[in-house]
Amino acid sequence: MRIIIIIMKKFFCWSLFVFAAFSLLLLINAESNPIKKVALVIGNSAYKTCGLKNPANDAYDLSKKLERFGYEVIKLINAGKQQMKEAIRTFGDKLSQDWNTLGLFYYAGHGCQVKGINYLIPVDADIKEQDEVEYSAIDVGFVLSKMESAGNRVNILMLDACRDNPFRSFRTATRGLTVVEAPKGSLIVYATAPGSVAADGKGRNGVFTGALLKHLDKNPGMDAELFIRNVRKEVMVETGNEQVPWTSSSLTEGISLKGTMPENTVTIVTTTKELEGTLSIWSFTDEFKTEGIIARFEKKHPKVKVNLHVVTLGAYIKDLTSRLRTGKDTPDIFTAENSNLIELTESDFYEDLSREPYNADVSDLFLYLVDAATDSKGALRAVSWQATPGGIYYRRSLARQYLGTDDPVKVGNMLDSEEKFLDVARKINQKSGGKVKILPSYIDYMHYPLCRRTKAFVGRNNKFNLEQCIIDYFDLAKTMYNEHLTAEIQQWSSEWFAEMNKKDAKIFCYILPTWGLHYQLKAHAKNTKGDWGLCKGPDSYFWGGTWIGINKNSKNKEIAWEFIKMLTQDRETIRWYAKTTGDFIGNQAIIEEIKNNFSEPFLKGQNHYLYFADEAPKVKGYIMGKYDLDIWELMKSAIQNYVNGTLTKEEALESFKNEIKQIHPDVIVE
């Protein structure tokens with residue numbers, strides 16, 4: 001695993017000249033007060049066993065790049081433990097000589113974690129057992145302590161120590177490196193997910209460092225957080241989403257990796273004047289009103305009136321984009337749902353919230369929420385206050401009757417693969433004499449294969465991707481239909497909702513996300529409160545979600561940003577929202593604070609927050625794509641034609657692709 005940590009030790013002090021009550025624009029020019037830059041770069045390849053090809057190249061190439069940016073570089077290639085310790089001490093001494101110093105530590109080579117501590121492996125390490133690691137390797141904490149005690153302005157730590165533990169004598173040690181929490185004012189980037197490992201790379205450089213070098217050539221002055229998003233996308237494309245760089249950030253100010261303030265950024269100093277005016281919001285949901293969000297904002301800002309315009313999801317994109325293109329009576333704020341998020345973020349209708357004057361703090365949000373709303377140019381176009389992982393909501397009474405238990409863990413273990421799910425479906429159908437079915441219909445199972453994908457149906461390159469898991473779903477649906485394992489009740493129909501409320505239920509479970517609990521089950525199943533449980537299924541999945549951004553042509557951007565900031569960054573409001581609605585939020589830090597404090601009566605006292613807190617990090621936001629809503633509907637139609645015998649499987653798949661071509665001629669369908 002590889003890690004980048006950007007630690008903002010202290011922050012820029014600028015003189016602010018305030019004229020009357022007006023805002024002033026300060027152009028920040030780092031070149032007028034250049035920062036001193038010192039780097040320690042280590043690349044270890046020549047191990048006695050399990051040698052590596054790329055780390056020495058990585059260190060050499062990065063050193064040259066940093067020297068061109070004006071860094072004083074201390075470079076070590078194939079270093080032993082003593083060399084590394086001495087170089088780290090020298091590095092720390094140089095950092096402490098001048099407060100206005102950017103320190104960058106880079107390591108490429110083998111690394112491992114033992115008992116929650118990360119270690120860098122010198123080339124002369126002779127390790128036979130796990131308990132010898134701390135005596136033969138370099139504790140990452142040693143590097144951090146030297147940087148911390150130096151008291152300099154900015155520190156960066158990069159660990160390309162993602163190659164798997166090379167010591168076979170203790171292969172049971174945890175894979176990859178462990179998570180390093182981002183302290184206040186810092187950015188942490190893992191080259192791959194925590195506990196995972198990344199490949200050494202096939203070319204001259206490792207995959208992550210190769211992407212890092214490439215983007216240092218293209219955008220060295222870009223804000224670090226935007227820069228890393230671009231590197232992440234490069235790595236994901238290169239590895240087919242096998243390696244997904246991971247981030248944690250608490251940066252409060254922009255900084256670039258070449259040691260300057262980000263290019264084209266300004267700081268806007270605003271007055272504390274009371275907000276006044278009208279804010280127009282367009283959305284496909286009325287939750288801003290029903291959940292009290294608008295009322296809360298208007299209470300905070302009594303001279304602001306918020307108007308909410310709701311359009312049904314099916315017509316939302318067409319109506320919204322038509323209005324935005326004409327520029328007449330356009331909203332100040334508009335929302336996006338996961339099925340249309342990519343289309344909107346790539347349309348250039350949204351403001352870039354990652355830049356001044358917004359500087360949206362997304363450090364505590366789940367990774368997928370940020371990645372999904374970041375466009376192909378690295379601009380953050382929208383943010384979200386909620387996350388929407390899913391689960392299986394099952395009837396406890398039926399579980400006891402047909403499975404012998406209603407315990408969520410035990411029931412989940414019976415359903416945690418597609419084969420087991422089918423076995424349970426058959427068991428319930430057989431034991432009940434065909435009266436009870438596992439699902440309303442095979443369509444309800446759809447989000448499992450959808451979220452098993454590794455690519456979007458239509459990515460930002462406009463190419464249609466049809467993966468095997470979707471093709472296999474055609475056959476699974478046919479099996480469920482032919483064996484009469486589902487009730488064939490149409491999703492969202494009156495009968496679909498009515499079955500939730502019947503005590504003599506004939507539907508064992510509903511596959512729904514976080515919002516399914518509060519907005520579907522609790523709203524339509526009051527008679528069956530307490531007879532529901534929540535458990536895992538064959539895969540982790542998500543469904544839906546709402547992102548919110550600012551119309552770039554809005555004349556009320558200050559009010560619009562205050563609304564979004566209250567909803568997505570104000571911790572008091574986020575806690576209030578979670579407590580009053582029970583809905584699952586997207587802020588990981590606050591989830592950690594509150595997740596143990598929930599007991600949902602509808603679920604017989606089960607803590608749904610604990611379940612969703614475990615599922616949310618598994619969400620793959622990169623499978624969202626353009627035109628998802630249309631494609632899902634076309635897919636369902638094709639499956640139904642195959643299931644009922646109207647078309648063969650091959651004909652149904654071909655029809656599916658042809659329909660996409662007709663509706664969206666810009667999509668490349670092969």
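Since we're looking at a predicted model, the values are computed, not measured.
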### Query
Does NZ or CZ of K478 fall inside the cone over Y642's six-membered ring, less than 6.0 Å from its centre and within 45° of the axis?
yes
### Task
In sequence, state the C-alpha distance, the side-chain angles, and the governing distance for T405 and R400, and then conclude on side-chain contact (heavy atoms from CB on, under 4.5 Å).
CA-CA 4 Å; T405 179; R400 290 192 297 270; over 6 Å; no
### Query
So which heavy atom on L439 is nearest to which on I507, and how close?
O-CD1, 3.9 Å
### Task
Report yes or no: is the cationic atom of R453 (NZ for Lys, CZ for Arg) under 6.0 Å from the centre of the six-membered ring of F457, at an angle within 45° of the ring normal?
yes
### Task
Verify whether the ring centers belonging to Y448 and Y445 lie closer than 6.0 Å.
yes
### Query
Do D406 and K410 meet the salt-bridge criterion of a basic N to acidic O distance under 4.0 Å?
no
### Message
Under 3.5 Å, is there a donor on one side chain and an acceptor on the other for D375 and T345?
### Response
no
### Query
Okay, side chain of H608, backbone of E600: is any donor-acceptor separation there less than 3.5 Å?
no
#### Entry: Partner set under salt bridge (charged side-chain N to carboxylate O under 4.0 Å, His left out) for E346, not counting sequence neighbours
R460
### Query
What are the two closest heavy atoms between F508 and V436, and how far apart are they?
N-CG1, 4.3 Å
### Query
Looking only at atom types and distance, does a side-chain atom of N340 sit under 3.5 Å from a main-chain N or O of A336, one as donor and one as acceptor?
no
### Task
Only counting residues at least two apart or in another chain, list the ones meeting ring-ring contact (aromatic ring centres under 6.0 Å, His included) with H309.
W282
### Query
When F334 is tested against each of V311, L344, I281 for side-chain contact (heavy atoms from CB on, under 4.5 Å), which residue passes?
L344
### Query
Has R395 got its NZ or CZ under 6.0 Å from the middle of the six-membered ring of W532, at an angle within 45 degrees of the ring axis?
yes
### Query
Taking atom types as modelled and ignoring hydrogens, do the side chains of S493 and E495 form a donor-acceptor contact shorter than 3.5 angstrom?
no
### Message
Restricting to non-hydrogen atoms, name the atom on I548 and the atom on F288 that form the minimum distance, rounded to 0.1 Å.
### Response
CD1-CZ, 3.7 Å
### Query
Are a donor atom and an acceptor atom from the side chains of E467 and Y473 found within less than 3.5 Å of each other?
no
### Task
Answer with yes or no after comparing the ring centroid distance for Y510 and W492 against a 6.0 Å cut-off, counting only values under it.
no
#### Entry: Salt-bridge criterion met for E418 and R452 (N-O under 4.0 Å)
yes
### Task
Decide, yes or no, whether a salt bridge links R381 with D352 under the criterion of side-chain N to carboxylate O below 4.0 Å.
no
